[in-house]
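Here the structure comes first, spelled out in structure tokens, and everything after it is commentary.
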Amino acid sequence: MNEKMRELCSLLGIEAPIFQGGMAWVANASLAAGVSEAGGLGTIAAMNSNGEQLRAEIQKLREKTDKPFAVNIMLMSPFKDEVAKVVMEEKVPIVTTGAGNPSAYMKDWLAHGIKVIPVIASVAHAKMMEKRGASAVIAEGMEAGGHIGPSTTMTLLPMVTDAVKIPVVAAGGIADGRGFLAALALGASGIQMGTRFLVAEECTIHQNYKEKVLKANDRETIVTGNRTGHPVRALKSDFTRNYAENEYNPNVTLEEIEQLGVGALRKAVLDGNLEEGCFMTGISAGLVTKEETCKEIIADMMNDLQKQIGIVASWEK
Ligand code: TUI
């Protein structure tokens, strides 16, 4: 590991600088404990939980591991205020945030000793988060699945690492040692992966979801929601085709479009509903070909990184 990776690991008390993304409906105690036990940073997503459901999930995780973990608070969630309180009451060590600006909560979280690591999609937001006391930022490019910003990982990452002094974690499009090395080359201290962890054995999503990820090629994802201002990347399906048709139909109102998305992620994750489900996935699904344990994924990422460094370092003129 290089100096930056070691600094990030010792800041958070983890062994490998690999975060698991806080995927709504997906990132539960089973997956997060699997990743944390394997030495990475496991994350419980609070997106689909109210305060008490989140508390129960945190307790479940603590029965499985005593290693550090994070809770991800999605700032478009209707439960954001109550889950923001629960992370303090439960003494959660690390909070990551997504899809918005967490400034309103940061003073309280910091006063409770929580390390705050926001997902950012712009240089300005990264600088603001550093000023407000973030321990690190996660710079996420539009290769990622789910709700995305407009920049690519390849361009956003070096601009953010130039702009802030705190560690930067790279997210969006990374699923193997080559992507890991590329992120380090662009100045990152670590990486976050979502899509690769979708097919982890500890990930409890419906098998139909896993099969779709395993079968996906490079052209299998599509971004919908540009008209509503909430672009979301997901695997092409009956749902995304229907959504895209309505999105660009001038007779359909914005409210009607928003309504189409409600519940579709839950139907994909819990029911594996191939007709009505929204299978949120990053473009890196095209790189994900086998089901493994979290331990195998983390070990493979570190070993593949080492191998890729060897390949690059052995270049001759
Ligand atoms: O949050 C995500 N990805 C998500 S959340 C989600 S749940 C959902 N369900 C149904 C419909 C829509 C979403 C699925 N995927 N990633 C983190 C992320 N945050 N990506 C981009 C951002 C972001 C964007 C703008 C962060 C901050 C921001 O602006 C802050 C500001 O105020 O400037």
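Along the sequence shown, the residues carry numbers beginning at 1. All ligand and atom numbering here is 1-based and tracks the order in the structure.
- The aromatic rings of His230 and His147 sit tilted, their planes meeting at an angle between 30° and 60°.
- In terms of protein heavy-atom proximity, atom 17 (C) of ligand 1 is closest to Val119 CG1, 3.3 Å.
- Salt-bridge check for Glu63 with Lys60: failed, with every basic side-chain N at 4.0 Å or more from each acidic carboxylate O.
- Glu245 and Asn249 form no side-chain donor-acceptor contact under 3.5 Å, judged by distance and modelled atom types alone.
- Atoms of ligand 1 lying under 4.0 Å from any heavy atom of Asn101, numbered from 1 in the order shown and given with element: 30 (C), 32 (O).
- Looking at Met142, Gln192, His125 and measuring to atom 30 (C) of ligand 1, the nearest heavy atom belongs to His125.
- Shortest contact from atom 15 (N) of ligand 1 to any protein heavy atom: His147 N, 2.9 Å.
- The shortest contact between atom 10 (C) of ligand 1 and any protein heavy atom is with Met280 CE, 3.7 Å.
- Residue Gly145 has no nitrogen or oxygen atom sitting less than 3.5 Å from a nitrogen or oxygen atom of ligand 1, judged on distance alone.
- In this structure, atom 22 (C) of ligand 1 lies nearest to the protein heavy atom Ala99 N, 3.7 Å.
- Between Lys267 and Glu276 there is a salt bridge, since a side-chain N of the basic residue sits under 4.0 Å from a carboxylate O of the acidic one.
- Under 4.0 Å is where a charged nitrogen must lie from a carboxylate oxygen, and between Arg196 and Asp300 at least one such pair does.
- Scanning the protein for heavy atoms near atom 20 (N) of ligand 1, the closest one is Glu140 OE2, 2.9 Å.
- In this structure, atom 7 (S) of ligand 1 lies nearest to the protein heavy atom Met74 CE, 3.4 Å.
- Listed by atom number, the atoms of ligand 1 under 4.0 Å from Val232 heavy atoms are 12 (C).
- Between Tyr243 and Phe239, the two ring planes are tilted [angle within 30° to 60°].
- Residue contacts with ligand 1 include Gly100, since one of its heavy atoms falls under 4.0 Å from the ligand.
- Under 4.0 Å is where a charged nitrogen must lie from a carboxylate oxygen, and between Lys165 and Glu130 no such pair does.
- Set against the non-hydrogen atoms of Gly146, the atoms of ligand 1 under 4.0 Å away are 14 (C), 15 (N).
- When each of Asp238, Asn246, Thr240 is checked for a side-chain hydrogen bond (donor to acceptor under 3.5 Å, both in side chains) with Asn242, only Asn246 meets the rule.
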